[in-house]
**Q** 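Below are the structure tokens for one structure; questions will follow.
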Amino acid sequence: MLDQTAATMPAYHVDAADPQRLRKAIEDVRLGTSRWRLALTLAWLDIRNRYRGSVLGPFWLTLSTGVMLAGLGLLYARLFDLPLREYLPHLAVSLVIWNAISQMVNDSTTSLTSSEAIIRQLPLPYTVHALRCAMRNGIIAAHNLPLILLVFLLCGHLPGPEALLAIPGFILIAINAVAAALFLGMLCARFRDIAPIVGSIMQLAFFLTPILWKPKLLGGWEVWMPLNPFYALLETVRGPLVEGGGPPLAWLAAILYTLATVTMAAAFFVRFRSRVAFWV
């Protein structure tokens, strides 16, 4: 009787010498991306829960960004002695895109730990949680995009056909968001001290990145700006919308940084994916 029961039970074979990490990681990404609708639903649920009971919901961020844009625009246009009609479109695009990038990076540090209950109870691909984090911040960032259009109309700024280059720029930012959610999510699940370090780095990066100021104010030092990855990603969107396409060196740097981020996230995911459930 015991022999018959044992014969009907599924056999599980684990070869410690051949853990097949690469195959399992690829399967996780494949299944996770195929379930993007689930990630989108979870992202939308996060937003509804975050702003439950609020009248304006995510539009509170739009309102606060608009107030900040008006205040900083009037102040820094005077400090830098720049025409408001020239400076305000630069600031609007810079501030909206930077807020999106900064929020995505900070949220990436908790992309897995915030889903601890789901990870421990359901066999969902970890890629779903990374997509959930990126989509949630993408939806929130989309609420601020009308501010850019409003500033362009008020300042009489009309981008040319090169504005279509902003679409590849948004795609690069989205790819980096998913890769960062995987990499930082795993890293911060293992080392909880890294999350506040990332927050401090993003605060410093805000002042080192040309958001409130223009790169041309650096004079000869402007050629070194592509070494700042945040500048490169920011310029892929701001350049087409404000500066007629952006410098080619910034585009090259953004692509190289994206490849580096994806490679680093993939290597870390392949090597340590099996430990995530124990880390969270």
**Q** Is any side-chain heavy atom of I197 closer than 4.5 Å to a side-chain heavy atom of S200?
**A** no
**Q** Take atom OH of Y76 as the centre, draw a 6.0 Å sphere, and report whether it contains more than 12 heavy atoms from other residues, nucleotides or ligands.
**A** no
**Q** If you define the side chain from C-beta out and look only at heavy atoms, does anything of H157 sit under 4.5 Å from P89?
**A** yes
**Q** Check the surroundings of atom CG in D81: do more than 12 heavy atoms from other residues, nucleotides or ligands lie under 6.0 Å from it?
**A** no
**Q** Would you give the length of the straight line joining atom CG of L172 to atom OG1 of T258, rounded to the nearest 0.5 angstrom?
**A** 4.5 Å
**Q** Let me know which of I97, I173, N228, V93 forms a side-chain contact (heavy atoms from CB on, under 4.5 Å) with L234.
**A** I97
**Q** Which pair of heavy atoms, one from L218 and one from M225, lies closest together, and at what distance?
**A** CD1-SD, 3.4 Å
**Q** Would you check if the side chain of R85 reaches a backbone N or O of C155 as a donor-acceptor pair within less than 3.5 Å?
**A** yes
**Q** So do R238 and P210 actually touch side chain to side chain, heavy atoms under 4.5 Å?
**A** yes
**Q** Please check if the number of heavy atoms outside R78 that lie under 6.0 Å from its CZ is greater than 12.
**A** no
**Q** Return the orientation label for the W98 and F206 ring planes: parallel under 30°, perpendicular over 60°, tilted otherwise.
**A** tilted
**Q** Could you grab the distance from atom CG of L131 to atom OH of Y126, nearest 0.5 Å is fine?
**A** 15.0 Å
**Q** Can R30 and E27 be counted as an ion pair, charged N to O under 4.0 angstrom?
**A** yes
**Q** Nearest 0.5 Å, please: how far is CZ in R136 from CH2 in W44?
**A** 13.5 Å
**Q** Does M68, at its CE atom, have more than 12 non-hydrogen atoms belonging to other residues, nucleotides or ligands within less than 6.0 Å?
**A** no
**Q** Of all the heavy-atom pairs spanning P240 and E235, show the shortest one and how long it is.
**A** CD-O, 3.6 Å
**Q** Give a yes or no on whether a salt bridge exists between E116 and R120, defined as a side-chain N under 4.0 angstrom from a carboxylate O.
**A** yes
**Q** Among E86, E222, E243, exactly one meets salt bridge (charged side-chain N to carboxylate O under 4.0 Å, His left out) together with K216. Which residue is that?
**A** E86
**Q** To the nearest 0.5 Å, how far apart are OG1 in T109 and CG in L187?
**A** 10.5 Å
**Q** Looking at OG of S111 and CE of M104, how far apart are the two atoms once the value is rounded to the nearest 0.5 Å?
**A** 13.0 Å
**Q** For S102, is there any backbone N or O sitting under 3.5 Å from a side-chain donor or acceptor partner on N106?
**A** yes
**Q** Could you check if a side-chain atom of I119 sits within less than 4.5 angstrom of a side-chain atom of L124, using non-hydrogen atoms only?
**A** no
**Q** Please identify each residue that fulfils ring pair (Phe, Tyr, Trp, His ring centres under 6.0 Å) with F268, with sequence neighbours left out.
**A** F183, F272
